[in-house]
Amino acid sequence: MKLVPPFDAETARLKVQAAQDAWNTRDPQRVAGAYTPDSVWRNRSEFVRGTDEIVAFLTKKWEREHEYVLRKSLWAFGDSRIAVRFQYEWHDDEGQWWRSYGNENWEFAESGLMSRREASINDVRILESERRIDPSSTYEIPTE
């Protein structure tokens with residue numbers, strides 16, 4: 001099954017799962033392969049454009065976000081757009097654990113590659129004992 005627009009409920013869900021799986025590899029080249037060469041991102045307050053900047057951004061991100069594990073959930077879809085909510089957990093160099101919450105809006109080219117990604121993200125300090133995301137599981141986002 002090709003995951004290209006226009007999306008229906010099943011292809012949108014599969015597209016979200018594929019994105020979650022790719023990001024959990026923490027491989028900047030693999031993740032960047034899902035985006036058009038001229039893809040535009042807003043990630044928090046940073047603006048990224050194109051494959052080289054995406055790879056550099058992700059490399060820097062995963063150098064500071066250790067044991068990163070992500071869960072995404074389909075929020076809405078239509079034609080060439082998908083909205084997701086997500087959580088990820090990670091720790092910094094000092095061992096402080098964080099849970100990052102966010103929403104993303106995605107827009108896709110006819111090829112199925114993502115041409116635009118808008119991400120709003122907030123970080124919350126947590127204790128290691130408060131972690132909720134099991135890295136070996138592929139379940140959806142844990143609830144509060």
Side-chain angles (χ1 to χ4, degrees), residues 1-5 7-77 80-109 111-144:
M1 172 183 301
K2 246 185 141 177
L3 302 179
V4 298
F7 296 107
D8 61 25
E10 180 64 9
T11 57
R13 187 190 64 74
L14 290 171
K15 196 71 159 173
V16 172
Q17 184 66 55
Q20 175 181 293
D21 293 347
W23 280 69
N24 278 323
T25 68
R26 297 183 297 261
D27 178 344
Q29 292 290 339
R30 178 173 172 191
V31 173
Y35 299 88
T36 61
D38 61 346
S39 185
V40 176
W41 286 19
R42 181 187 58 77
N43 193 88
R44 303 174 190 252
S45 61
E46 291 186 62
F47 294 85
V48 178
R49 181 181 295 273
T51 304
D52 291 343
E53 289 185 19
I54 290 170
V55 169
F57 172 86
L58 293 172
T59 299
K60 182 179 164 187
K61 170 186 179 62
W62 288 318
E63 285 173 352
R64 71 178 183 277
E65 294 181 0
H66 307 292
E67 296 187 61
Y68 172 98
V69 61
L70 164 75
R71 293 296 176 263
K72 292 184 182 278
S73 177
L74 177 64
W75 189 258
F77 66 91
S80 64
R81 294 180 176 164
I82 296 175
V84 300
R85 64 189 184 106
F86 63 87
Q87 294 178 21
Y88 61 91
E89 294 174 343
W90 55 282
H91 69 82
D92 59 26
D93 288 337
E94 288 75 41
Q96 173 61 58
W97 280 92
W98 299 87
R99 183 174 305 117
S100 301
Y101 296 91
N103 298 293
E104 292 176 317
N105 296 312
W106 300 342
E107 187 169 4
F108 294 87
S111 65
L113 296 177
M114 194 180 304
S115 59
R116 183 168 203 82
R117 175 182 173 268
E118 301 271 341
S120 297
I121 307 167
N122 299 299
D123 301 314
V124 177
R125 287 177 182 263
I126 61 171
L127 299 173
E128 183 174 9
S129 62
E130 295 175 312
R131 292 182 65 202
R132 300 189 307 216
I133 301 175
D134 177 356
S136 65
S137 170
T138 59
Y139 61 85
E140 285 199 6
I141 293 174
T143 56
E144 298 296 337

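Between Phe86 and Tyr88, the ring planes lie parallel to each other; the angle is under 30°, not in the 30° to 60° tilted range.
Side-chain atoms of Gln87 never come within 3.5 Å of backbone atoms of Arg99 as a donor-acceptor pair (strictly under, hydrogens ignored). Panel note: side chain Arg26, backbone Tyr68; a donor-acceptor pair is recorded below 3.5 Å. Judged by distance alone, with hydrogens and angles left aside, the side-chain atoms of Asn122 form no donor-acceptor pair with the main-chain N or O of Tyr101 at under 3.5 Å. Arg71 places a side-chain N or O within 3.5 Å of a backbone atom of Asp134 that can act as its donor or acceptor partner. Remark: side-chain polar atoms of Lys61 are not paired, donor with acceptor, to backbone N or O of Pro28 under 3.5 angstrom. Without hydrogens or angle criteria, Arg42 side chain to Ala119 main chain gives a donor-acceptor distance under 3.5 Å. The backbone N or O of Pro5 lies less than 3.5 Å from no partner atom in the side chain of Ser80, so there is not a single donor-acceptor pair. Remark: side-chain polar atoms of Glu89 are paired, donor with acceptor, to backbone N or O of Ile133 under 3.5 angstrom. Of the possible polar contacts, one joining the Gln96 side chain to the Ile126 backbone as a donor-acceptor pair under 3.5 Å is found.
Between Glu10 and Arg13 a salt bridge is recorded (basic side-chain N to carboxylate O distance below 4.0 Å). Contact check on Lys72 versus Glu104 returns a salt bridge, with a Lys/Arg side-chain nitrogen under 4.0 Å from an Asp/Glu carboxylate oxygen.
Gly33 approaches Leu113 most closely through the heavy-atom pair O-CD2, 3.4 Å. Annotation for Pro135 and Val69: closest pair CA-CG2, 3.7 Å, computed over non-hydrogen atoms. Of all heavy-atom pairs spanning Glu67 and His91, the tightest one is OE2-NE2, 3.0 Å. Closest non-hydrogen pair, Trp62 versus Val31, comes out as CH2-CG2, 3.9 Å. Contact between Asp123 and Ile121 at its shortest, heavy atoms only, is OD1-CG2, 4.2 Å. The two residues Ala32 and Val55 have their closest heavy-atom pair at CB-CG2, 3.6 Å.
Atom NE2 of His66 and atom CH2 of Trp97 lie 10.0 Å apart (nearest 0.5 Å). Taking CG of Asn105 as the reference point, atom OG of Ser120 lies at 7.5 Å (rounded to 0.5 Å). Taken from OH in Tyr35 to CH2 in Trp106, the straight-line distance is 6.5 Å, to the nearest 0.5 Å. Atom NZ of Lys15 and atom OG1 of Thr11 lie 9.0 Å apart (nearest 0.5 Å). If you take CG on Leu74 and CZ on Arg85, they are separated by 10.0 Å, rounding to the nearest 0.5 Å. Distance CG/Leu58 to CD1/Ile54: 7.5 Å, rounded to 0.5 Å.
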One pair to check against side-chain contact (heavy atoms from CB on, under 4.5 Å): Phe108 and Leu3. What are the steps and the verdict?
CA-CA 10 Å; Phe108 294 87; Leu3 302 179; over 6 Å; no
Set out, in order, the CA-CA distance, both residues' side-chain angles and the distance that settles side-chain contact (heavy atoms from CB on, under 4.5 Å) for Val16 and Gln20, then state yes or no.
CA-CA 6 Å; Val16 172; Gln20 175 181 293; 5.6 Å; no
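Residues Arg117 and Asn43 bring a donor and an acceptor atom of their side chains to less than 3.5 Å of each other. For the residue pair Arg116/Thr36, the side-chain donor-acceptor check at 3.5 Å is not satisfied.
Crowding of Arg81 atom CZ: a count of heavy atoms from other residues, nucleotides or ligands under 6.0 Å not exceeding 12. Within 6.0 Å of CG on Asp92 lie more than 12 heavy atoms contributed by other residues, nucleotides or ligands. Residue Trp75 places its CH2 atom among 12 or fewer non-hydrogen atoms of other residues, nucleotides or ligands, all under 6.0 Å distant. Shown here is Arg49, whose CZ atom has no more than 12 heavy atoms of other residues, nucleotides or ligands within 6.0 Å.
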